[in-house]
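This report refers to the structure that appears directly beneath it.
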Amino acid sequence: MEDLFLKLKKIANPEKARILQRFFKTGKGEYGEGEVFLGISVPDQRKISKEYYSKLNLKDLQRLLESKIHEHRLIALIILIEKYKKANKSKYEKREIVNFYLKNLSRVNSWDLVDISAPKILGDFILKEKSSLLRDLAKSENLWERRISVVSTYAFIKKNILGETLAISEILLNDQHDLIHKAVGWMLRELGKRNKSVLELFLLPRYKKMPRTMLRYAIEKFSPEERKRYLKGEI
């Protein structure tokens, strides 16, 4: 573990770190308040994750997730995703990883950490387990748990199972946070790429009251004329 910390410290880029801290809204009162960056690119983090995949166990990943440094947590999640993918087909091993992920939800506390991990771990597992957990998370007071709930449904969309995304989008329709508006709109857009008619049926009675950002994301793949009509409320 110590050699990993030293390697990351060695390739840290303070100038890029300052840019990332502004980009991820780390100022006082912002959603990423207190987040610390080393300024390491995601491709470099993926390369390092591959190098350390076989060297780190869940106890090591726990230590990384408990770090205040963003890159430490992202590397832990990249490795965890690979461990989940390569787990044998027994439910026990995958469940152990999912339980570890759920235990550490409070450390999956940035939109990129959510987006990279939620569909590939929690979404994939719940798709097969038929659990109501995602709908429960959608009602959480915690911003990141709500984002996890909807982004996890990407795993369902990829299998052409669209109802879960629609159910959670309904729960989050009046959410107050812009990061939820973007996430719901993104998932609705992806759903629409699979079945535009289902998306249109969902939007028709709701689009006028949806947050504008959510609607813009949802209809992004529509024709210019269709987008204009939705945004003007003329559907």
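Along the sequence shown, residues are numbered consecutively beginning with 1. Note that these values count all heavy atoms, side chains included, but never hydrogens, waters or copies made by symmetry. Here the structure is a predicted model, which means the values were calculated and not measured.
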Does F23 belong to the same Ile/Leu/Val/Met/Phe/Trp/Tyr cluster as Y31, with side-chain heavy atoms less than 4.5 Å apart forming each link? yes

Is it the case that the side chain of E129 and the backbone of L127 share a donor-acceptor pair, with hydrogens and angles ignored and the cut-off at 3.5 Å? no

Going from CG on L56 to CD1 on I79, what distance comes out if it is rounded to the nearest 0.5 angstrom? 4.5 Å

Who pairs with S106 by side-chain contact (heavy atoms from CB on, under 4.5 Å), at least two apart in sequence or on another chain? none

Hits for salt bridge (charged side-chain N to carboxylate O under 4.0 Å, His left out) against K85, two or more places apart or cross-chain, chain-then-number order -> E82

Out of the candidates T153, L188, N195, only one should pair with L162 under the side-chain contact (heavy atoms from CB on, under 4.5 Å) rule; please name it. N195

Would you say that more than 12 heavy atoms from the other residues, nucleotides or ligands in this model lie under 6.0 Å from the CD of E33, or not? yes

L64 and L4, any side-chain heavy atoms less than 4.5 Å apart: yes

Between G123 and F156, what is the shortest heavy-atom contact and its length? O-CE1, 3.7 Å

Gap between atom CD1 of I126 and atom OG of S152 - 0.5 Å precision: 6.5 Å

Rounded to the nearest 0.5 Å, how far does CG of L199 lie from CG of L201? 9.0 Å

Any side-chain heavy-atom pair from L8 and I75 closer than 4.5 angstrom? yes

Do you know the tightest heavy-atom contact between R194 and I157? NE-O, 3.6 Å

Cluster check I19, V36: I/L/V/M/F/W/Y, side chain < 4.5 angstrom: no

Between R206 and E170, is there a side-chain N and carboxylate O pair less than 4.0 Å apart? yes

Using 30° and 60° as the class boundaries, would you call the ring planes of Y230 and Y207 parallel, tilted or perpendicular? perpendicular

Show the nearest heavy-atom pair for residues V114 and P119, with the distance to one decimal. O-CD, 4.0 Å

Around atom NZ of K9, are there more than 12 heavy atoms from other residues, nucleotides or ligands closer than 6.0 Å? no

Within-4.5 Å side-chain heavy-atom neighbours: I97 and Y101: no

Side-chain donor/acceptor of E71 to backbone N/O of L38, under 3.5 Å: yes

Sorted by chain and number, sequence neighbours left out, ring-ring contact (aromatic ring centres under 6.0 Å, His included) with F100 holds for none

Does the side chain of R73 come under 3.5 Å of the side chain of N104 through a donor N or O and an acceptor N or O? no

Please confirm whether K16 makes a cation-pi placement over F37, using NZ or CZ under 6.0 Å from the six-membered ring centre and within 45° of the ring normal. no

Side-chain heavy atoms under 4.5 angstrom apart, residues restricted to Ile, Leu, Val, Met, Phe, Trp, Tyr: same cluster for V42 and L113? yes

From I161 atom CD1 to L191 atom CG, the distance as rounded to the nearest 0.5 Å: 12.0 Å

Nearest 0.5 Å, what's the CG-OG1 distance between L20 and T26? 9.5 Å

K50 atom NZ: more than 12 heavy-atom contacts under 6.0 Å: no

Inspect the contact between D3 and K7 and indicate whether a charged nitrogen and a carboxylate oxygen are less than 4.0 angstrom apart. no

Kindly write out the residues that satisfy side-chain contact (heavy atoms from CB on, under 4.5 Å) with E2, not counting sequence neighbours, or none if the list is empty. F5, R63

Does Y84 have K94 sitting over its ring (NZ/CZ under 6.0 Å from centre, angle to axis within 45°)? yes

Less than 4.5 Å apart, any side-chain heavy atom of R146 and any of V150? no

Side chains of H181 and T213: donor-acceptor distance under 3.5 Å anywhere? no

Can you tell whether the side chains of K158 and E190 come within less than 4.0 Å, N to carboxylate O? no

Show the nearest heavy-atom pair for residues I40 and D44, with the distance to one decimal. CG2-CB, 3.8 Å

Please evaluate residues M210 and L203 with respect to the criterion side-chain contact (heavy atoms from CB on, under 4.5 Å), reporting the C-alpha separation (whole Å), side-chain torsions for both, the decisive distance (0.1 Å), and the verdict. CA-CA 9 Å; M210 289 173 71; L203 291 176; 3.5 Å; yes

When clusters are formed by joining ILVMFWY residues with side-chain heavy atoms under 4.5 Å apart, either directly or through shared neighbours, do F222 and I235 land in the same one? yes

Calculate, to the nearest 0.5 Å, the distance between atoms CD1 and CG belonging to I219 and L215 respectively. 4.0 Å

Side-chain touch Q21/E35, heavy atoms, less than 4.5 angstrom: no

Sub-4.5 Å side-chain heavy-atom contact between R216 and R212: yes

Give the intermediate values and the outcome of side-chain contact (heavy atoms from CB on, under 4.5 Å) for residues K193 and K221. CA-CA 8 Å; K193 286 159 67 174; K221 297 300 181 180; 4.1 Å; yes

The side-chain contact (heavy atoms from CB on, under 4.5 Å) partners of K47 (sequence neighbours excluded) come to none

Charged N to carboxylate O under 4.0 angstrom, R147 versus D115? yes

For residues 134-143, please give each side-chain donor-acceptor pair under 3.5 Å, one per line with the distance, not counting sequence neighbours.
| unit_1 | atom_1 | unit_2 | atom_2 | d |
| --- | --- | --- | --- | --- |
| R135 | NE | E164 | OE1 | 3.2 |
| R135 | NE | E164 | OE2 | 3.3 |
| R135 | NH2 | E164 | OE1 | 2.8 |
| S140 | OG | N142 | N | 2.9 |
| S140 | OG | E145 | OE1 | 2.7 |
| N142 | OD1 | W144 | N | 2.9 |
| N142 | OD1 | E145 | N | 3.0 |

Do the non-hydrogen side-chain atoms of K196 and E226 ever get within less than 4.5 Å of each other? yes

Check H177 against L179 and note the closest heavy-atom contact, atom names and distance. ND1-N, 3.0 Å

Using the rule that two of Ile, Leu, Val, Met, Phe, Trp, Tyr join whenever any of their side-chain heavy atoms come within less than 4.5 Å, decide whether I171 and L173 are in one cluster. no

Tell me if a side-chain donor or acceptor on R189 pairs with a main-chain N or O of Y217 at a distance below 3.5 Å. no

Are I148 and L122 packed together at the side-chain level, in the sense that at least one heavy-atom pair is separated by less than 4.5 angstrom? yes

Does E234 CD have over 12 foreign heavy atoms under 6.0 Å away? yes

Does the pair D175 and V184 meet the rule for a side-chain contact (heavy atoms from CB on, under 4.5 Å), with working shown? CA-CA 10 Å; D175 198 282; V184 172; over 6 Å; no

From I121, L74, V108, V151, residue fulfilling side-chain contact (heavy atoms from CB on, under 4.5 Å) relative to I116: L74

Apply side-chain contact (heavy atoms from CB on, under 4.5 Å) to W111 and K182, showing your working. CA-CA 10 Å; W111 58 262; K182 291 177 179 177; over 6 Å; no

Determine, for E51 against R46, whether the closest basic-nitrogen to carboxylate-oxygen distance falls under 4.0 angstrom. no

In terms of heavy-atom contacts, R107 and S67 come closest through NH2-O, 2.9 Å

